Amino acid sequence: MATVDLNLVRVLGALLDERHLTRAGKRLGLTQSATSHALGRLRRLFGDPLFVRTSRGLDPTARAQELAEPVREAMRALDRCFRAEEPFVAASAARSFSVAAADYGSFVLAPKLLERLEREAPNVDLWLRPVDASFAEQLARGDADVAVAPARSDELPAGIRSRPLYRERFVCLVRKGHPLVKKGIDLASWTSMRHVLIAPRGAPGGVVDEALAQLGKRRRVALAVPHFLLAPHVVAGSDLVVTVGARVAEAFAEILPVRVVDPPVKLPGFEVRMYWHERHHRDPAQQWFRDAVREAAG
DNA sequence: GGGCGGCACAGTTATACTGA
DNA sequence: TCAGTATAACTGTGCCGCCC
């Protein structure tokens, strides 16, 4: 291969198609003479005349006919290599995209994302996966196309890109008719209540405990759960209170006997971001999907 | 590292050759 | 005679080795 001029593959391909030296040359942007020289080099390379003269042009030898299909296949492969990147056509695409997200993120995004897929990309499937604490490695391994997670305070690892999806505020969720919650919830009632702590990684503490600590207060965590979506069900059937993102709370208030109230202390909200790997950054299909996720989050 | 000369090679023009 | 291919002579370009 090191000594083979791959331009000769183009010449051989054109000669096999045209069976006419002058026309083959024109097709390649060469003069008849240059094409004849190239044919001479091909003849030396293969040790075979490859084409014999006729009144109409050139007829391929048995060896040239033998080469026809491999040459065409090579041309097709090269064409695929050098062809400009094709745009992503959602309507005809048949593939899947995967999102790594906590159940909270999936709950917020999946319904609207699916709605868009059904509308614009009926043969595109969606795979939701649990998000790892080290989602950058998940993305680097190719286990997910995008990850949806709260913004990180530390610097992103090399090769990971991100963009904000939405900001979320915290609200409290209690059962309807809760004896301690009338119009709203005051600090004394709140600290006397039993709380549900959502701890995806199983670690104690969180934004509520930090805010209470600043006031010299504490709360009792009666139940710690690893999933966001379990907490509203627990609250609906007990006197427990849970502090969760407003999107989840408001959605469950429509389907469970629970009500949303503002917490009695100021809690900092949080930003949810979408993360993806650098190698997918310019991929038209991935760009389309990230746009769909952004729209679903909006 | 840059300039220079020699060399190889692809391509061009002009022309010779071939077969119907 | 004509359409088409092959070839001689030449040109332009790129590579390589040598020298400074």
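All values reported here derive from a predicted model rather than from experimental measurement. Just so it is clear: chains get the letters A, B, ... in the order the sequence lines come, proteins before strands, and each one is counted from 1.
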Worksheet item: Any N or O donor-acceptor pair linking the side chain of T22(A) to the base of dT5(C) at under 3.5 Å?
Response: no

Worksheet item: Would you say the side chain of R53(A) and the base of dG19(B) hold a donor-acceptor pair, judged only by whether the two atoms sit under 3.5 Å apart?
Response: no

Worksheet entry | Aromatic plane relationship, F228(A) with Y104(A) - under 30° parallel, 30 to 60° tilted, over 60° perpendicular | tilted

Discussion item. Check the orientation of F252(A) and H233(A). Use parallel for under 30°, tilted for 30 to 60°, and perpendicular for over 60°.
Written reply: perpendicular

Fill in: OP1 or OP2 of dT5(C) under 4.0 Å from side-chain N/O of S36(A)
no

Whole-Å distance between [N] [atom2] and [X] [atom1]?
X      : N       : atom1 : atom2 : value
L15(A) : dT5(C)  : CG    : C1'   : 11 Å
K26(A) : dT5(C)  : NZ    : C1'   : 15 Å
L39(A) : dT5(C)  : CG    : C1'   : 9 Å
H37(A) : dT12(B) : NE2   : P     : 9 Å
L50(A) : dT5(C)  : CG    : P     : 15 Å
L8(A)  : dA10(B) : CG    : P     : 7 Å
D59(A) : dT5(C)  : CG    : P     : 11 Å
L42(A) : dT5(C)  : CG    : C1'   : 15 Å

Discussion item. On DNA chain B, compare the nucleotides closest to S33(A) and R41(A); which residue's is nearer the 5' end?
Written reply: R41(A)

Worksheet item: DNA chain B: Q32(A) or A38(A), which has the more 5' nearest nucleotide?
Response: A38(A)

Discussion item. Quick one, L58(A) and R53(A) - any side-chain contact, counting heavy atoms below 4.5 Å?
Written reply: yes

Fill in: 5'-most by nearest nucleotide on DNA chain C - H20(A) or A34(A)
H20(A)

Discussion item. Please classify the nucleic acid contact of R23(A) as base, sugar-phosphate, or nothing, using heavy-atom distances under 4.0 Å.
Written reply: nothing

Worksheet entry | Residues R290(A) and D145(A) bridged, charged N to O under 4.0 Å | no

Discussion item. Looking at R76(A) and E73(A), is there a salt bridge between them, counting it only when a charged N and a carboxylate O are closer than 4.0 Å?
Written reply: yes

